[in-house]
Each structure stands twice: as structure tokens, then as C-alpha cells.
Amino acid sequence: YQADWLLRFYGFNAQELLDEGHSSFDTRVDPKCDWALRNLDKFPVEINKAPLETLLRVPGIGYKMAERIVRARRVAALSFEDLKRMRVVLKRARYFITCKGVYYGGIDIDTEDLYPILAEKTDSKVMYGQISMFN
């Protein structure tokens with residue numbers, strides 16, 4: 001369903017998400033992070049200048065938040081603290097954006113360093129499965 005949202009609401013096309021070189025998503029990260037990690041040449045983006053379409057491709061920034069960012073920056077340039085107050089999911093977004101030209105990721109933006117941070121940590125003792133109303 002997450003990939004469906006990327007296609008319907010975020011402006012991605014199927015060829016961007018999956019291709020012959022990447023025929024399936026990495027299940028340890030969400031589809032938007034998977035795409036971003038394979039397209040690091042497009043990042044970081046300046047939060048105060050990037051068009052809405054570009055903001056929608058930043059992991060951690062959803063459609064409503066991207067619209068809020070675009071509206072807010074018409075009044076004044078946004079700082080990292082402004083994004084915190086707006087409740088942008090900076091846990092992911094911080095690695096893909098700059099604010100007023102400053103990068104707040106804290107690490108070099110390359111797959112080797114970034115991937116383990118964004119990959120979901122799973123507990124080997126936890127069993128995942130379909131929820132049933134009858135169990």
C-alpha cells in the first residue's frame with residue numbers, strides 16, 4: 001500500500017520505483033526511503049527552495065507537511081527548529097534536506113552510512129503475521 005501512495009499522491013511513476021536493476025523493494029526500509037537511497041544524487045534538497053514535487057520525495061515529509069512547508073516559507077525562511085515545531089518527521093528527513101544551506105544529518109549522505117540508520121530494526125523474538133479477528 002505504501003508504494004501505491006507514492007504512485008497516487010506523491011508523483012512517482014512505476015519505472016522510478018522498480019526497474020530491471022531493482023525488481024523489488026528492500027523490506028527493511030519503506031518504499032520512499034528505498035527510492036531515496038538509490039537516488040542520493042538528488043539530495044540533499046534545500047527546504048526553503050525545493051518545489052512541492054521535490055519535497056514530496058523526501059523521506060519523512062508527507063503531502064500535508066510538504067504543503068505546510070511551502071506555505072510557511074512564503075512568510076519567512078524556515079530553520080531546522082521551525083521544522084521541529086511543525087512536527088516534520090526529522091528522524092528520516094534530516095539526512096535528505098538542508099535548512100538555510102545547513103545540513104543537519106550529522107553524517108555523510110552515502111548509502112553505506114545512511115542505510116543502517118534508516119533500516120528498520122527488528123526483534124528476532126517477535127513474530128509478525130496477519131491480524132485475525134478470530135484468534
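Note: hydrogens, waters and symmetry copies are ignored here, and every other heavy atom, side chains too, is used. When a residue number appears, it is its place in the shown sequence, counting from 1.
- Here the shortest heavy-atom pairing between L114 and L40 reads CD2-CD2, 4.2 Å.
- Annotation: salt bridge (charged side-chain N to carboxylate O under 4.0 Å, His left out) contacts of K84 (sequence neighbours excluded): E81.
- Both L55 and V102 are members of a single hydrophobic cluster when ILVMFWY side chains are connected at heavy-atom separations under 4.5 Å.
- Between L90 and I97 the shortest side-chain heavy-atom distance falls below 4.5 Å.
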Can you list the steps and then say if I61 with I47 is a side chain to side chain contact (heavy atoms under 4.5 Å, CB included)?
CA-CA 11 Å; I61 298 179; I47 206 80; 3.9 Å; yes

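- Taking the six-membered ring for Trp and thresholds of 30 and 60 degrees, F43 and W35 have ring planes more than 60 degrees apart, a perpendicular arrangement.
- The shortest heavy-atom contact between C99 and L83 is SG-CD1, 3.4 Å.
- Linking ILVMFWY side-chain heavy atoms closer than 4.5 Å, directly or via other members, places L52 and V45 in a single hydrophobic cluster.
- Counting all heavy atoms, side chain and backbone alike, E46 lies closest to T98 at OE1-OG1, 2.7 Å.
- The heavy-atom pair separating L56 from K32 by the smallest distance is O-NZ, 2.8 Å.
- Sorted by first and then second residue, the side chain to side chain donor-acceptor pair (under 3.5 Å) pairs involving residues 65-74 (not counting sequence neighbours) are Y63-E67.
- Contact annotation: the side chain of Y95 approaches that of I117 to within less than 4.5 Å [non-hydrogen atoms, C-beta and beyond].
- Between the CZ atom of F96 and the CZ atom of R57 there is a distance of 13.5 Å, given to the nearest 0.5 Å.
- At least one side-chain heavy atom of D30 sits under 4.5 Å from a side-chain heavy atom of R92.
- Looking at every heavy atom in both residues, R85 comes nearest to D82 through NH2-OD1, 2.5 Å.
- Considering only residues two or more places apart in sequence or on other chains, Y103 meets the ring-ring contact (aromatic ring centres under 6.0 Å, His included) condition with none of them.
- Closest approach of L118 to C33, counting heavy atoms only: CD1-SG, 4.4 Å.
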